[in-house]
Amino acid sequence: MILEMKNIVKVYDRVVANKNVSITLEKGEILAIVGENGAGKSTLMKILYGLERPNSGEIYINGKKQVFRNPSDAMKQGIGMVQQHFMLFDTMTVTENIIYNNEISKGVFLDIDANRKKVRELSKRYMLEVDPDKLVKDCPVGVQQRIEILKILHQNADILIFDEPSSVLTPIEVDELLKTMKRLSNMGKSIILITHKLGEVMEVADRIVVMRDGEVVAEKRREETSIEELSYFMIGRQTTSPVIKDLEPCKEVLSVKNLSKVDESGKKLLGNINISVRGGEIVGIAGVSGNGQSELIKCITGLDTDYTGKIEVCGINVTNKGVGFIRKAGLAHIPEDRYYWGSAKEATIAENVLMGDENTERFSKKGLLNFREIRKHVYRIVENYGVKVSFLAQKMKELSGGNAQKLIVAREIEKKTPFLVACEPTRGIDVGAMEFIHEKLIEKRNNGGGILLISSELSEILKLSDRIYVIYEGRIEHEFTNKNLDSRKLGFLMLGGKTA
Amino acid sequence: MEVKKINFIYYVQKNLIESVKLPFISITLGLIVGGIIIALSGGDPFAAIKGLIVGGFGSMHAITVTLTRATPIIFAGLSAALAWGSGYSSMGASGQMILGAFTAAITAVSISGPSIVIIIVSLSAGMLAGIIYSLIAAYISAKFEVYLLIVTLMMNYIADNIASYLTTYDFRDPLAVDRLAVQTQKIIDGTLPRIFPRYTLHYGFIIAIACTLLVLFMMKRTSFGYEAKMSGLNPRFADYGGIDSLKTMYLVLMISGALAGLGGACESLGTRFRYVDGMITSGGYAWSGIIASLMASNHPVGVFVSSVFLAGLTTGGGSIELRHGIPSEISDIIEGVLTMFVTAKLVVDFRFGRLRAQKEDGADVV
């Protein structure tokens, strides 16, 4: 046994991220740790890599107890991590990046030839092809990852941690990566793979640990399990039944046709998405976060205008149009992140509520703001939605998270638009505020509004939606209605399982 | 009504205290450091500081001199406050003032008519020069994605050299007694009248007051002001709400350029009666204006008050040199210390603001 982590406990403020987690790793083994976002797998790896210190628990390397105060302690014990976001110097050469911190030098000077030779050698030994003299920024993402791996191998790592390694890669690059991992393990390196893509796991892993809510809920050898079983362990049993009553859907408020988006490096972020939302229904998009939800929202709401395909809001063609235009067509939008997008913390509550309406006839005349109307409106919102504020000129940053979220939800719902995009409407808030926001969303639906609901909480989607689309790796290929719903199958599809 | 009046008063007080706190601390620290330096160089710090205050504000003469100097600083300060408050870090006031001053000066000598017409046309020409110059910077910054701060800063040197070249070769005063003087022809009709016949203070100061109120009104009461403020506080929020950020940027920088250009124009029509090479840069008006706007956290009225204070410091500095034999550079030292504290605040806000934002963005803690 090359590595053992025993009874690891890690508590952040009020969240227990790891509850008594124990894992082991053999030499030459590929261990996959899977789990939803927030299941605690990243925390565990941060502890192993010395980025975080556990509240209790021990780490043994080759049977000897170790304490890692920082990553360089961990590196000395042969632990290396391939980060999700590469830690490379873009404007330096491949060689310079790989040898960084472990240079061969002649006196005070860098021996460039010797270093280059060393990189060639490494590259040959591990069959990871790179051009030592190229600048990193000129290498494709897949090659950059190879550089990152070589860098760690150059530091003589025996245990390699891969954190979501395939999330930035194209399918061909993913195949390459999986082959590399197998080859490395055959050469005696031990690998820990952190991911929620079960297809990849079933291809390379020897053993699989499933985490949920900070605990290890299952440990299986690959031969004795399946994607279905793993996805079941990851998501758990979902028993929430829909609370909405039947309603005759009316006119279409959102129609997305053949929406595709490719990023600068050529990776497909969204592939041929077709969705539609009608008035009087809540349509959920289920998926593990990071599968294209953010990109999809940005295209629909006009924050991103660089895509192909066609988008209509309330019958108006809004393809490649900006936010202002789409909002006028009939969009309201509860944003993914209440402080990043949804508000200005230093501005007052009234100013935050006014956003998007500052040029409407109701609140301004010839460019002059009508403060009487604004105050009345803000006061009504604060009252009706039970937002706890001390006065209307209070700053947004002084509100609690739940109250801030309520205010944003109120602002967008009270615009009374036919179409609402609700992203993570209840993220990180208490149960009371959550229930309240759910009620308000349902009320809007019952009044004939159409809502597109994006949430990483599957229970929320199941509770509120009339219809559900499943998004996986930027594609939407499956659709359920709340009548023929099978939560087990839904979870299976969310995690990349294929149905015949 | 649940929203109580008492809370409102509390808010106003708290806000007032918060916005006054920093300038107050900066000024006090500036005076203390200045005092220490005076003491070290063998002077009496208390007499000197008293001298500074009396020299800057102690008599009708002192007050009018101070307000005359304050006028261009107020314009530059308003220009900076509007831009910075909307999130656009423009340092271009200096260049815009130079071109404003130069354009107004040559316009005033090349047209004829009643003085009031000459004044209005010349001031407008100066304003237009500021607008155009500011918009060029905005365009370059938007088109080539370079920092506005750098573009505007570099363009200041270009403006200074353009004005210097034109004054030296094309518009040089043919009647100058001193043949070496690099200046344009003296304006005879079309100078800004004085407010009090015996003092230098001119109507440019009244225009500055009007502009302060106008900017205040624009920032607080119009939907454009709202959009500009939101763009400054959180540009992503502004985008999300559908504010056209490009349009807002051009409008903000246009008005900011207009204010600076007008400030320069008032200086040549009201104080110098011509454009003299280096008259804007040697006065340090633009820089003082930016400091005033930092001191006041971009609040127009605060800019006005801070500008007057900074001008008074300089006037007082001249006076203590005469009366107490303490070098007038002491007021530069105090202004320097002030700048240091005020920019330190900017850096702290920026750094911590960013760190905090990163922490909150980094949702993947668990």
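Quick note on labels: first sequence line is chain A, next is B, and so on, each numbered from 1. Keep in mind the model is a prediction, meaning the values are calculated, not measured.
- With hydrogens and angles left out, the side-chain atoms of A/Thr348 and A/Gln394 include no donor and acceptor closer than 3.5 Å.
- Considering only heavy-atom pairs separated by less than 4.5 Å from chain A, the leading option among B/Gly241, B/Pro235, B/Ser223 is B/Ser223.
- Between A/Glu373 and A/Lys376 there is a salt bridge, since a side-chain N of the basic residue sits under 4.0 Å from a carboxylate O of the acidic one.
- When heavy atoms are compared at a cutoff of 4.5 Å, B/Lys229 approaches chain A solely by way of its side chain, counted from C-beta outward.
- Heavy-atom distances place no part of A/Ile326 under 4.5 Å from chain B, backbone and side chain included.
- Only the side chain of A/Phe371 has a heavy atom closer than 4.5 Å to any heavy atom of chain B.
- Heavy atoms of A/Asn352 lying under 4.5 Å from chain B belong to its backbone as well as its side chain.
- Residue A/Lys388 comes nearest to A/Leu399 through the heavy atom pair O-CD2, 3.6 Å, listed as atom of the first residue, atom of the second, then distance.
- Interface remark: A/Leu368 contributes backbone and side-chain atoms alike to the contact with chain B (heavy atom separation under 4.5 Å).
- Atoms CE and OG, from B/Met249 and B/Ser90 in turn, are 10.5 Å apart once rounded to the nearest 0.5 Å.
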* To do: Go through the steps for A/Thr43 and A/Asn18 under the test side-chain hydrogen bond (donor to acceptor under 3.5 Å, both in side chains), then give the verdict.
  => CA-CA 7 Å; A/Thr43 305; A/Asn18 284 159; 5.1 Å; no

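- In this structure, chain B has a heavy atom under 4.5 Å from the side chain of A/Glu412, while its backbone stays farther away.
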* To do: Test A/Glu358 against A/Ser364 for side-chain hydrogen bond (donor to acceptor under 3.5 Å, both in side chains), laying out the working first.
  => CA-CA 6 Å; A/Glu358 71 275 5; A/Ser364 78; over 6 Å; no

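- The contact between B/Asp239 and chain A is made by backbone and side chain atoms together, counting heavy-atom distances below 4.5 Å.
- Counted by atom type alone, B/Ser231 and B/Thr248 present zero donor-acceptor pairs between their side chains at under 3.5 Å.
- Between chain B and the residues A/Gly322, A/Gly324, A/Gly342, A/Gly356, the largest count of heavy-atom pairs under 4.5 Å involves A/Gly342.
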